[in-house]
Amino acid sequence: MQIVNNIEELRSIIKWWRGEGHSVGLVPTMGYLHEGHKSLIVRAVSENDRVVVSDFVNPTQFGVNEDLSSYPRDIERDAALCEEAGADLIFHPEPEEMYSSDHCTFVDMDKLTKGLCGKTRPTHFRGVCTVVSKLFHIVTPDRAYFGEKDAQQLAVIRRMVRDLNFNLEIVGCPIVREPDGLAMSSRNTYLNPAERKAALILSKSLSVGKEMLESGERNGRKVREAILRNMKAEPLAKVDYVELVDAETLEPVNKINAPVLTAVAVYIGKTRLIDNFTYLV
Ligand code: AMP
């Protein structure tokens, strides 16, 4: 497995692979890889002849007061995980390789990016759409793999691919959790032991909502309130949002009669964590 930092070098490798008739899968990540990322890579390896993992902490998707500089990084550990998962190449560019100093073109989206995480992170999805478009142009994959952990991101990317006629398939992969239920995230490393315990409130509260939906509750407001009530019992948790939205349009729903995404974002101390589940009616 090779690590490539340079766009032109990556392009020539992809061209060579294409000449050999190989299909190409892409797994975009910000690195500090865990079992959640690994599940995407393993799936990509099973469905493509060659797999590229991008490992890039993308500055344009961080807000001014967010954790860009403290975001954890460990390329050597990442390389070992990618190798074990069967990836062929890690694309690990410097920010200057991805963004010229006078870069001024962005991919933006109305609607789907305004609610949920877009409320507290108003420029986040512009950064995500821009970097993912750039990666799609550089790698030209047949398939790209994204986790349902970032459900809004997955919906936004699917919509961008449809709206801008990118010629590839987007594959959504299930959330991988720690044994106690916490969704795996590179940001979990920020949590001290008390916060790590408190962070269980996300998956626990979501299960309360899930049980209500499974036992026939169709009033979105009631489910939302039950989840919120549950969260408030945890003193270290500060709720950013609890929302029930249409799984495709991400519009808020009250009467549930189509697939519904229940998504939460919660600050545990200074760390903002997200989690969700989709209920298919
Ligand atoms: P990140 O490095 O956090 O930007 O994540 C890169 C990709 O891995 C995204 O598509 C995420 O949705 C996905 N991912 C992150 N954590 C998990 C998880 N616990 N389970 C499944 N996919 C995940």
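Indexing begins at 1, ligand by ligand and atom by atom, following the structure's order.
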How far is atom 5 (O) of ligand 1 from its nearest protein heavy atom, and which residue and atom is that? H37 NE2, 3.4 Å

I need the atoms of ligand 1 closer than 4.0 Å to a non-hydrogen atom of M184, numbered in the order shown. 16 (N), 17 (C), 18 (C), 19 (N)

Y32 six-ring face occupied by R73 cation (under 6.0 Å, within 45°): no

Run down the list R177, Q153, K149 and name the one with the heavy atom closest to atom 23 (C) of ligand 1. K149

Below 4.0 angstrom from a heavy atom of L40, which ligand 1 atoms are there? Numbered from 1 as shown, please. 7 (C), 8 (O), 10 (O), 13 (C), 22 (N)

When you measure from the centre of the six-membered ring of F56, is the NZ or CZ of K134 closer than 6.0 Å and no more than 45° off the axis? no

Would you check the N or O atoms of P28, main chain and side chain alike, for any that come under 3.5 Å of an N or O of ligand 1? no

Heavy-atom proximity to atom 10 (O) of ligand 1, best of S39, S54, G147, A144: G147

Can a side-chain donor-acceptor contact be found between N48 and R143 if the only test is distance below 3.5 angstrom? yes

Does a donor on one side chain and an acceptor on the other come within less than 3.5 Å for E47 and Y145? yes

What I want to know is whether V176 and ligand 1 share at least one N or O pair that is separated by under 3.5 angstrom. yes

Under 4.0 Å between a Lys/Arg side-chain N and an Asp/Glu carboxylate O for R159 and D110? no

Of all the atoms in ligand 1, which lie at a distance below 4.0 Å from a heavy atom belonging to I175? 20 (N), 21 (C)

